[in-house]
There are 2 protein chains.
Amino acid sequence: MTTTSRPIQRRAGIADVAQLAGVSVGTVSNVLNRPDRVAENTRAKVQKAIDELSFVRNASARQLREGTIHTVGAIVLDITNPFFTETARGIEDRLDQDEYTLMLGSSDEDPNRESRLLRLFEEHGVRGMLVTPSRGSLESLIRIHERGTEVVLLDHTSPLTTMASVSVDDVRGAALATTHLLDQGHERIAFLNGPVSIRQCVDRRDGVIRALVEAGKDPADSLVEITLESLNADHGSRAMGGLLDEGRSGVTATFCVNDFTALGALRALRERGMQAPRDMAMVGYDDVNFAPELATPLTSVRQPTHEMGWRAADLLLSSAEPGHVVYQPELVVRASSAPG
Amino acid sequence: MTTTSRPIQRRAGIADVAQLAGVSVGTVSNVLNRPDRVAENTRAKVQKAIDELSFVRNASARQLREGTIHTVGAIVLDITNPFFTETARGIEDRLDQDEYTLMLGSSDEDPNRESRLLRLFEEHGVRGMLVTPSRGSLESLIRIHERGTEVVLLDHTSPLTTMASVSVDDVRGAALATTHLLDQGHERIAFLNGPVSIRQCVDRRDGVIRALVEAGKDPADSLVEITLESLNADHGSRAMGGLLDEGRSGVTATFCVNDFTALGALRALRERGMQAPRDMAMVGYDDVNFAPELATPLTSVRQPTHEMGWRAADLLLSSAEPGHVVYQPELVVRASSAPG
DNA sequence: TTGAAAGCGCTAACAA
DNA sequence: TTGTTAGCGCTTTCAA
């Protein structure tokens with residue numbers, strides 16, 4: 001290890017550069033922003049001074065003058081969920097084209113954290129924000145939007161024509177999954193769902209019920225819905241375990257609101273010496289990358305994550321009119337729900 | 001859908017609030033920053049004006065005066081990799097305690113993107129940054145650090161005593177994995193590694209070689225190293241497929257530089273009607289959450305991701321001295337490398 | 001307890 | 001081509 005000195009003194013500013021180069025601050029600013037309007041050798045002198053002083057622009061001062069910046073903020077519900085990280089990657093890829101930079105925040109479904117991020121982005125004057133709203137935050141977003149910051153809702157439909165959105169038809173996705181299970185001959189289905197505070201959970205439940213009704217079933221008989229506190233493997237495992245241990249449920253198939261939940265449910269089966277689809281057919285949601293490689297490859301509902309992020313960023317940067325894009329999900333059938 | 005009007009006019013500033021409330025700007029500022037120094041009814045008047053005008057502070061102006069902000073920047077190599085997202089979650093959890101906000105960026109191993117993020121953070125005057133440096137960016141980080149911005153290296157040791165770091169002993173982790181395979185009686189091991197431009201790959205290779213030498217083996221005989229362009233499942237699958245199809249390698253065990261690579265390698269086995277550990281023992285790295293639930297539960301090397309992020313943020317916020325923390329990895333043995 | 005005013009570092013309009 | 005200067009919106013010192 002080496003030791004270097006760390007300067008305590010104030011950072012060099014444009015005035016220091018000007019002084020060292022023997023020019024005016026206006027010229028330094030020109031070198032920085034419109035280099036073509038500066039004589040070659042002046043530019044060289046200034047550049048030398050910049051390097052010598054390790055001059056770094058002060059973004060606050062710059063932005064205070066300029067107004068806007070080449071930055072976009074995005075807020076997702078859970079940074080550890082591949083659905084969101086793949087979406088984030090799509091956003092980045094689109095922003096790169098226009099040399100915009102992404103500031104990513106994760107609300108982790110904590111309203112405080114979310115409003116803090118919202119405020120941070122708005123106060124910093126981002127060019128716009130891409131947000132997956134959580135319960136209750138739609139209100140704030142509408143106000144932010146009214147105040148003039150562009151907003152694109154991510155994985156959520158928009159309540160306003162003027163506020164753009166990119167979403168997936170969750171009702172349809174859940175209906176696809178449910179219909180598939182009914183087609184395999186299952187008469188009674190468990191649905192491991194999340195809390196109603198999460199919009200996706202509400203929509204997916206609607207899809208399940210719609211599919212049952214369309215097949216002429218009475219949901220009161222054919223559906224066992226279990227509500228999980230949190231959409232992770234542990235809660236999925238516990239819920240599935242409870243269902244299995246209780247016995248006499250008559251359930252032969254389970255639809256999980258996401259793949260992590262399904263991961264846990266599969267674990268609960270395995271711990272009891274059971275397996276899918278023999279003892280319980282299983283369908284997940286999101287089609288994460290490991291779904292095909294599980295002990296029993298998992299049937300799941302795929303959503304165009306990367307494309308959604310890309311499109312949302314595109315709506316922000318290049319659209320005249322606020323767009324409203326709705327994608328259709330796709331059922332990917334694998335062994336976990338194969339006829340057994 | 002409803003339609004709301006979107007104002008084109010300029011945002012309200014502190015002066016507008018002052019005018020509407022019939023006070024001076026100084027008083028408004030006091031209401032915002034030191035409310036206890038303002039008379040109760042004055043405060044109420046000002047608050048009313050703030051609400052009426054939907055006043056939002058301008059962070060640039062504020063910061064231009066103040067100097068620093070309650071924001072920390074972090075740059076990870078790949079936002080879609082659970083290792084980094086779990087680390088990010090750890091960072092957030094620590095920052096929350098001090099009401100700091102995280103701005104997360106992903107370099108995706110693109111040097112341009114990384115330097116853009118570095119510049120963005122520095123220009124914005126973040127309180128500090130937590131960075132997993134990619135090839136070549138250490139230089140820039142040292143300069144940034146010398147200019148006065150605090151830097152904590154994440155998943156990387158520090159070349160300077162003055163620059164804090166949090167890392168895991170990758171040499172040890174790889175040695176653990178290799179020794180384990182040797183203990184199972186394997187004589188010839190494949191190592192699916194990434195490019196030497198990634199530090200982790202270099203260290204893990206060192207660990208593999210060290211373990212072989214310590215066991216009295218000649219790496220030239222007992223090791224087949226395959227270099228992948230990128231550390232994902234597809235490249236892992238292709239590399240493993242190549243090895244298997246070529247035949248006559250004499251390899252009975254494979255160590256993969258991360259779990260995604262191992263995921264691909266397992267897929268390649270399955271596609272050829274083979275399975276681990278019968279036809280090929282397999283060990284991964286990172287111990288991602290789905291490792292226990294794979295067709296063959298995957299042996300892997302676990303790192304304290306959340307703890308690392310938490311600690312890195314803690315070093316930034318609360319340390320007098322720059323700390324240098326090195327964690328020890330842990331081998332989690334599962335069926336994919338069980339004695340066969 | 002409140003007000004007036006200086007100034008943070010930069011950009012751009014205008015002057016030379 | 002270069003220099004001078006007003007002012008972006010805010011915080012804070014000092015005075016009233």
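Below, chain A is the first sequence line, B the second, and so on; all start at residue 1.
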Can B:His70 and B:Asp98 be counted as having a side-chain donor-acceptor contact under 3.5 angstrom?
no

Using the side-chain heavy atoms of A:Asn58, tell me which of these nucleotides is nearest: C:dG9, C:dT11, D:dT1.
C:dG9

With a 4.0 Å cut-off on heavy atoms, is B:Gln63 in touch with a base, just the backbone sugar-phosphate, or nothing at all?
nothing

With nearest nucleotides of DNA chain C determined for B:Ser24 and B:Leu64 from heavy-atom distances, which residue corresponds to the more 5′ nucleotide?
B:Ser24

Check whether any side-chain heavy atom of A:His124 sits under 4.5 Å from a side-chain heavy atom of B:Gln63, and report yes or no.
yes

Atom pair distance, as rounded to whole Å: CD in B:Glu66 and P in D:dC8
20 Å

Please check the phosphate of D:dT1 (OP1 and OP2 only) for any side-chain N or O of A:Arg43 closer than 4.0 Å.
no

Spacing of B:Ile14 atom CD1 relative to C:dA4 atom P, expressed in whole Å
14 Å

Return no unless some side-chain N or O of A:Thr27 is found under 4.0 Å from OP1 or OP2 of D:dG3.
yes

Roughly, in whole Å, what's the span from CD1 in B:Ile69 to C1' in C:dC8?
15 Å

Write down the distance between CG (A:Asp36) and C1' (D:dT2), rounded to a whole number of angstrom.
14 Å

What I want to check is whether the side chains of B:Ser107 and B:Glu114 have a donor and an acceptor closer together than 3.5 Å.
no

Rounded to whole angstroms, how far apart are CZ on B:Arg37 and P on D:dT11?
14 Å

Is the backbone N or O of B:Thr87 less than 3.5 Å from a side-chain atom of B:Thr305, with the two atoms forming a donor-acceptor pair by type?
no

B:Glu123 CD to C:dG9 C1', straight-line distance once rounded to whole Å
13 Å

Kindly say if B:Ser60 contacts the phosphate of D:dG9, meaning a side-chain N or O under 4.0 Å from OP1 or OP2.
no

Counting only side-chain N and O atoms of A:Arg62, is one of them less than 4.0 Å from OP1 or OP2 of C:dT11?
yes

Can you find a side-chain donor-acceptor pair between B:Asp155 and B:Gln200 that sits under 3.5 Å?
yes

Looking at every strand, decide which applies to A:Val25 at a 4.0 Å heavy-atom threshold: base, sugar-phosphate, or nothing.
base

Out of D:dT2, C:dT2, D:dT11, whichever nucleotide has its closest atom nearest the side chain of B:Asn30
C:dT2

Looking at A:Arg65, does any N or O in its side chain come under 4.0 Å of the phosphate oxygens OP1/OP2 on D:dG9?
no

To the nearest Å, how far apart are B:Asp16 CG and D:dG9 P?
9 Å

Any B:Asn33 side-chain nitrogen or oxygen under 4.0 Å from OP1 or OP2 of D:dT11:
yes

note: B:Gln19, atom CD; C:dG3, atom P; distance rounded to Å ~ 13 Å

Are any of A:Ser29's side-chain N or O atoms less than 4.0 Å away from OP1 or OP2 of C:dT11?
yes

